Asks: 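Take this structure, written in structure tokens, and hold onto it; I'll ask about it next.
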2 protein chains.
Amino acid sequence: MSAAQMQSLDCSDCPIRHRAVCSRCEADELEALNVIKYYRSFQAGQPVIWSGDQMTFVGSVVSGIATLTQTMEDGRTQMVGLLLPSDFVGRPGRSGAAYNVVATTDVVMCCFRKKPFEELMVRTPHIAQRLLEMTLDELDAAREWMLVLGRKTAREKIASLMSILARRNASLGPELGPEPGPEEMPGAVSFDLKLTREAMADYLGLTLETVSRQITALKKAGVIRLEGKRHVIVPDMRRLIEEAGDDSDGGLVD
Amino acid sequence: MSAAQMQSLDCSDCPIRHRAVCSRCEADELEALNVIKYYRSFQAGQPVIWSGDQMTFVGSVVSGIATLTQTMEDGRTQMVGLLLPSDFVGRPGRSGAAYNVVATTDVVMCCFRKKPFEELMVRTPHIAQRLLEMTLDELDAAREWMLVLGRKTAREKIASLMSILARRNASLGPELGPEPGPEEMPGAVSFDLKLTREAMADYLGLTLETVSRQITALKKAGVIRLEGKRHVIVPDMRRLIEEAGDDSDGGLVD
DNA sequence: CGTCAGCCTTGACACAGATCAACCCGAGGT
DNA sequence: ACCTCGGGTTGATCTGTGTCAAGGCTGACG
């Protein structure tokens, strides 16, 4: 979300310099990061961590999408975060996980063993600062989402989700960002929602039926078009943002 | 919420050592903190900062209650945070405020000018670490609240709010914590909700009428009792927590 | 090629909570 | 003593989503 976060996306292909964690570190610290780092991959649907588990690592998503969810005993679940490539997972200083982390597509994560990472953090102010930065971004996102959950209608919720996904996909693709839609539609944006209707429902505090209905409603209204079930084309972003009832024009002010 | 945060409540009377910000600092750093610190007070209803304003300070609440809110153009508002004594306000490293901060009771804040505070932070790892700690706590609270907003019924929402207020009041009072209820009721907890029904509604994503109705419902069910409009007596905390449908038994796991 | 399992859509109906409206109550102010 | 005003309660009705149920589409697999 923040400018700082957007600069450091070159982690997606996780080069020697692990910029998602700290884009300002010097060679030495980066070297140290590399020493304690390893990769893990998860298949779609597989849990990464279960709430309450002991955390043995922190890390960031390299590719794929994972979700952060909470569940009540009776099964009601709420997604509390969406982890896209470059997002950080883990809470240095905390021992247990507070949420379930589940891979919704195949996911590759770049992990650091927690202990050495924390030690490195103490020695390296840049990393601690970067982490504070990222945590503040997450906090902003969570609070923005509270407005969505508490006050928006189903239709506005869907539109909000769509515009967030469009925007985030924009900051992802290898340069292309949001691929320009079919050329007959200049200015159009298109992207894949890589979530099932149910996952969207859990994110938005709705049922999957309502999600489905509102998506078709937006389609009928011409705000979006669908190719298959998952590929969305937005002919006019402003129109979508307006449907989201959003005051914040997109990115958070920084 | 976290153990670390609870230890440092002696800020409430804001002594020489500013422990809410860093309970582990040495004399020198604390001295530095004191040099750049000043107090501000706000009357009930008065805005502390308006979203988008330039932030010139950071600080923490010494007494009273303030709220963090977001508003849409059409007036719908959602409270995204509740600031009780010892809570931190401000985002080191960010220039603009992201939310409206309003004093809902008379409030005294202990402020640090932003620039020197940030400089101090860079020099003093303890403070940066403490701040990360506090931000993670806020993030946890925000995400817990997302579950409340997205998936709980009106009644569960009210119960959740009540138990949070009871719990937070507990960690506040000068030693007494949650005053033991009237002596005929051992084990009872009582506290003041210092919010109007409307403020509660904004926090819970409800209307004030629904809040009112659900409070009377809980009263009729014997889960709570009221003294006047604002003073709540909880004969049996477990009962209330159960009404909140809460898996988390109260404090977050740390 | 048929069948099966996931995922999605659509319809009919129920209900929690919003909306609109009237009224209550207690604290100041004159 | 009276008025006023902000906050709170309560009732009647409306409506957006949830719930339950049926059916469609597509891709994997025998």
Side-chain angles (χ1 to χ4, degrees), chain A residues 43-46 72 74-78 102 104-105 148-162 192-221 224-232 243 245, chain B residues 43-46 65 67 72 74-78 102 104-105 148-162 192-221 224-232 243 245:
Chain A
Q43 291 176 351
Q46 201 184 348
M72 299 168 60
D74 63 4
R76 281 178 281 178
T77 82
Q78 174 65 49
V102 180
T104 53
T105 65
V148 172
L149 291 172
R151 292 302 186 193
K152 292 197 178 177
T153 65
R155 179 153 177 173
E156 289 169 331
K157 285 178 176 184
I158 297 287
S160 299
L161 179 58
M162 296 268 174
D192 264 355
L193 10 114
K194 299 189 184 89
L195 299 169
T196 65
R197 306 286 130 125
E198 190 182 18
M200 292 188 243
D202 284 343
Y203 202 14
L204 296 166
L206 297 170
T207 59
L208 66 93
E209 292 95 331
T210 302
V211 170
S212 179
R213 280 188 247 269
Q214 295 304 333
I215 287 179
T216 50
L218 285 178
K219 202 170 56 182
K220 280 186 184 144
I224 59 174
R225 260 182 305 149
L226 286 189
E227 235 159 52
K229 306 278 185 195
R230 303 282 187 90
H231 193 77
V232 180
E243 287 285 349
Chain B
Q43 292 175 352
Q46 201 182 348
I65 298 192
T67 61
M72 299 167 62
D74 62 5
R76 282 178 281 177
T77 83
Q78 174 67 48
V102 181
T104 53
T105 64
V148 172
L149 290 173
R151 291 304 184 192
K152 292 196 177 176
T153 65
R155 180 152 175 173
E156 290 169 330
K157 285 178 175 182
I158 297 287
S160 299
L161 179 58
M162 296 266 173
D192 265 355
L193 10 115
K194 298 189 185 93
L195 300 169
T196 64
R197 306 290 186 241
E198 190 182 19
M200 293 188 244
D202 283 344
Y203 202 14
L204 296 166
L206 298 170
T207 60
L208 65 93
E209 292 95 329
T210 301
V211 170
S212 180
R213 279 188 247 270
Q214 295 302 334
I215 288 179
T216 51
L218 286 177
K219 201 168 58 180
K220 279 185 186 144
I224 59 173
R225 261 183 302 149
L226 285 188
E227 234 161 52
K229 306 280 183 191
R230 302 283 186 92
H231 193 77
V232 180
E243 287 284 351

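Throughout, protein chains are lettered first and strands after them, A, B, ... in sequence-line order, and every chain is numbered starting at 1. Source: prediction; values computed, not measured. Side chains are part of it too, since the values below use all heavy atoms of this structure and drop only hydrogens, waters and symmetry mates.
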Asks: A/Thr196: what forms a side-chain hydrogen bond (donor to acceptor under 3.5 Å, both in side chains) with it, not counting sequence neighbours?
Replies: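 Testing A/Thr196 for side-chain hydrogen bond (donor to acceptor under 3.5 Å, both in side chains), a comparison that skips the adjacent residues, returns none.
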
Asks: Under the salt bridge (charged side-chain N to carboxylate O under 4.0 Å, His left out) rule, what pairs show up with a residue in residues 198-208 of chain A, not counting sequence neighbours?
Replies: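 Matches after skipping sequence neighbours: A/Asp202-B/Arg151.
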
Asks: Sequence neighbours excluded, which residues qualify as salt bridge (Lys or Arg N to Asp or Glu O under 4.0 Å) partners of B/Glu209?
Replies: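 Counting only residues at least two positions away or on another chain, B/Glu209 forms no salt bridge (Lys or Arg N to Asp or Glu O under 4.0 Å).
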
Asks: Can you check each nucleotide of nucleotides 5-16 of chain D against protein heavy atoms at under 4.0 Å and return B for base, S for sugar-phosphate only, - for none, in 5' to 3' order?
Replies: --SSBBBB----

Asks: Enumerate the residue pairs fulfilling salt bridge (charged side-chain N to carboxylate O under 4.0 Å, His left out) with a member in residues 153-162 of chain A, sequence neighbours excluded, ordered by first and then second residue.
Replies: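 Those involving residues 153-162 of chain A are A/Arg155-A/Glu243, A/Glu156-B/Arg76.
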
Asks: Taking side-chain contact (heavy atoms from CB on, under 4.5 Å) as the definition, give me every residue that meets it alongside A/Thr104, ordered by chain and number, with sequence neighbours left out.
Replies: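 Residues passing side-chain contact (heavy atoms from CB on, under 4.5 Å) with A/Thr104: A/Ile65, A/Thr67, A/Leu195.
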
Asks: Check every strand shown and say whether B/Gly228 touches a base, only sugar-phosphate, or nothing at a heavy-atom separation below 4.0 Å.
Replies: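 The residue B/Gly228 makes no contact with any strand.
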
Asks: Roughly how many Å is it from CZ in B/Arg151 to C1' in D/dT17, rounded to a whole number?
Replies: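 Roughly 11 Å, once rounded to whole Å.
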
